[in-house]
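Here is the structure we will look at.
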Amino acid sequence: MGTDNSSLFGSLFDAPPLKRVVPVLVPLPVPVPYSYAVPEGMHVEPGSVVQVPVGPRQLIGVVWDGESQDGLDPKKLRPITLAFDCPPLSKEMRDFVDWVAAYTLSPPGLVARMAVRAPAALDPEPMVEAVRYVGGQPERLTPARVRVLDIVKAEDIPWTRSGLAHAAGVSMSVIDGLTAQGVFETVFLPPPPVVAKPEPDYTAPRIEGVQKEAAAEIVASIREGGFSASLIDGVTGSGKTEVYFEAIAETLRRGKQVLILLPEIALTPAFLERFQDRFGAKPGEWHSDLSPRMREKVWRGVVTGEVRVVAGARSALFLPFEELGLIIVDEEHDPAYKQEDRVFYNARDMAVVRGRIGDFPVVLVSATPSVESQVNGLSGRYNLVQLPTRFGDAALPDLHLIDMRRHAPERGGFLSPLLLRAMGRTLERKEQSLLFLNRRGYAPLTLCRVCGHRFQCPQCSSWLVEHRFKSQLQCHQCGYHQHTPEHCPDCGTFDHLVACGPGVERIAEEVEKHFPDARTIVMSSDILGGVKRMRLELEAIANGEADIVIGTQLVAKGHNFPLMTLVGIVDADLGLANGDPRAAERTFQLLSQVTGRAGRTGLKSHGLLQTYQPMHPVMQAIVSGDASAFYEREINEREKAILPPFGRLASIIISAETRADAETHARGLRAAAPRVTGISVLGPAEAPLALVRGRHRFRLLVHGRRNSDMQAFLRVMLDAGPKQRGSVQVQLDVDPQSFL
DNA sequence: AGCACGCCGACT
DNA sequence: GTCGGCGTGCTC
């Protein structure tokens with residue numbers, strides 16, 4: 001008896017069961033799992049989702065593999081609070097989390113958290129209460145009761161109370177009354193599926209010729225089984241979607257789940273309907289403005305395997321599928337695949353990794369592949385599938401450059417006479433024009449005509465953009481804004497401000513001057529009324545309720561406007577000289593997308609690009625429709641100096657008071673990492689970034705010959721000391737070849 | 001990531 | 001005299 005006795009004999013004879021200790025990844029920025037005691041009677045295994053105490057809080061964690069940390073007193077470990085009733089994360093998923101954490105230098109717990117982000121979904125959905133007819137008659141038959149009984153006799157299935165009441169046209173109390181009489185029994189049904197199961201052969205594929213061959217090629221790689229990476233490179237309207245739908249169909253036939261990744265902006269009702277037309281049901285959706293309830297249902301459906309296909313934005317990559325068998329990355333070049341906070345990753349590349357680890361195919365899709373993917377396609381690392389022609393009646397628009405040095409706009413204007421004439425003809429044909437200018441507001445720079453004062457953001461020193469509709473000067477970097485002043489703050493002169501350069505609002509003004517009777521609409525992200533209004537406007541445009549649309553990026557993606565037969569690019573050179581090493585690539589992608597908005601219904605369509613650099617490779621690639629020379633040049637450029645081989649590049653954000661400080665910092669980092677081949681600094685003027693507490697944020701581009709050199713460099717930087725760690729953020733931006 | 005602790009400026 | 005700013009440190 002007593003403690004003496006048990007300590008004397010306990011270890012030899014009647015030892016209390018050894019407290020089991022397991023490692024648990026907690027959602028904290030710590031490098032290792034924490035250790036927890038498993039309470040008696042609780043079952044956990046690697047992958048189990050649990051709730052654990054951390055300090056004063058209860059957090060959701062995941063039981064991990066390996067030994068728990070040593071050097072901790074097992075008796076002092078706190079117990080796991082509870083284990084959720086949901087399937088554990090698979091070994092594949094755990095390996096994926098570990099891989100991503102190691103590759104992106106992120107705390108594994110923060111990566112794991114992305115996989116279990118629907119806390120309320122961790123317990124099963126409650127059963128649904130229903131009634132079932134057991135026979136017999138109630139004591140008194142009323143007309144309402146007769147109607148109910150007719151229905152259940154005709155269809156002897158369990159009915160939900162509200163469903164039956166609705167079908168019979170009676171109130172719920174009628175049903176409850178019959179239940180009380182013993183005519184119905186109460187049964188519990190599993191909750192209804194969140195989405196119906198898509199059927200691979202719901203309708204026949206609408207593909208022919210080249211599309212058919214391409215589909216056959218990808219389907220073959222799926223049948224073969226195992227990992228493969230393919231790149232579908234197909235011009236806008238070439239039937240890329242139909243081709244990868246066949247890959248999805250084949251995966252569904254083989255009983256595996258499918259993930260379709262899309263940039264958030266491309267995840268439209270139109271896309272979901274297109275999927276439904278082919279497969280008879282919508283895919284599960286996963287994006288940032290999903291309701292919490294829906295998020296839980298989809299998450300649950302994904303882990304249990306009930307949801308067979310998910311269409312989602314980048315975060316969907318971390319959903320713990322029960323048996324994932326295919327990932328499609330549509331618009332693979334889109335920068336929205338990069339997450340640039342907390343865990344820095346590119347979902348496109350991590351998708352390839354997930355396929356590699358899970359041993360299933362990954363298909364990247366784009367009309368304008370990223371240079372990295374293009375290299376992987378050309379080198380054979382990825383299976384390159386090209387769709388060079390448009391499908392069906394969709395003709396490529398006829399594209400021409402307008403050399404602005406020869407066809408200058410009239411004084412004070414920005415639209416060339418050639419473009420204005422084309423717009424006039426389009427109006428006469430009662431077709432639509434789109435003018436694209438990737439700049440919000442009225443004018444990007446305002447100055448005082450008398451003293452030359454330039455309006456600059458007091459917080460981050462970039463130019464203030466005039467927004468005339470709102471009478472504001474806005475900083476597009478940090479969000480600072482002020483009412484447009486009437487006096488110059490420097491010399492006090494009244495009404496002497498002059499706007500420099502165009503924004504969409506100013507173009508709208510010019511258009512209204514030339515075409516006062518046309519219905520003109522400006523589409524930009526600062527449209528009042530939010531997403532809902534935006535959707536309505538886009539729909540109205542598609543229905544032909546506008547003649548001239550003037551828009552930023554926003555109109556470039558996703559939406560189809562059947563009557564749009566003229567696309568004018570106001571300043572095709574914009575963005576070419578902003579210091580971003582990917583400027584040419586981005587411009588090419590954006591211009592391709594915008595010009596691709598036209599000509600999708602067989603109407604003859606045109607694209608006119610205003611440029612001061614008609615010989616620039618981007619312009620030549622766009623008008624010739626042949627991008628191969630452009631890609632070749634971009635690849636060479638990266639090989640040479642700017643971004644040594646294909647994105648073995650780290651982009652790091654640091655904050656400093658002046659550019660000189662940032663450059664000194666960069667030199668220090670360079671000295672600490674001799675194997676890194678170059679560090680360049682992009683400051684607010686070239687690649688504007690937000691300002692943090694009186695300090696400007698700069699982006700360091702660090703290039704290395706080998707991925708491992710980059711990793712070593714970043715480790716050095718992270719270990720540089722707590723003073724730096726606070727102000728230095730790391731983003732890895734590396735190409736997928738090192739995955740394979 | 002949160003949350004506490006701890007040390008110096010402007011105020012009810 | 002305090003209230004409160006955010007730098008630093010800790011969580012099994």
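We name chains A, B, ... by the order of the sequence lines, and we start the count at 1 in each one.
Checked by atom type and distance alone, the side chain of A/Tyr337 pairs as donor or acceptor with a backbone atom of A/Leu261 at under 3.5 Å.
Rounded to whole Å, atom P of B/dA1 lies 13 Å from atom OH of A/Tyr34. Rounded to an integer number of Å, the gap from A/Lys75 NZ to C/dC12 P is 19 Å. Atom CG of A/Leu59 is separated from atom P of B/dC3 by 10 Å (rounded to the nearest Å). Per the geometry, CD belonging to A/Gln58 stands 13 Å off C1' belonging to C/dC12, to the nearest Å. What separates CH2 of A/Trp64 from C1' of C/dC12 is a distance of 17 Å, to the nearest Å. Atom CD1 of A/Ile80 is separated from atom P of C/dC12 by 13 Å (rounded to the nearest Å). Remark: C1' of C/dC12 and CD of A/Gln69 are 7 Å apart, rounded to the nearest angstrom. The interatomic distance linking A/Arg20 (CZ) with C/dC12 (P) rounds to 20 Å, in whole Å.
Taking A/Ser106 as the reference, A/Thr104 meet the side-chain hydrogen bond (donor to acceptor under 3.5 Å, both in side chains) condition, with sequence neighbours excluded. For the salt bridge (charged side-chain N to carboxylate O under 4.0 Å, His left out) test, no residue two or more places apart in sequence or in another chain qualifies with A/Asp359.
Residue contacts shown for A/Arg113 are absent, as no nucleic acid heavy atom lies under 4.0 Å away. Residue contacts shown for A/Pro107 are absent, as no nucleic acid heavy atom lies under 4.0 Å away. Among the protein residues, A/Pro27 comes within range of no part of the nucleic acid, since none of its heavy atoms lies under 4.0 Å from any strand. Contacts of A/Leu77 with the nucleic acid, taken as non-hydrogen atoms under 4.0 Å apart, involve only primed sugar atoms and P, OP1 or OP2.
Distance check, rounded to the nearest 0.5 Å: CG of A/Leu77 to OG of A/Ser68 gives 7.5 Å.
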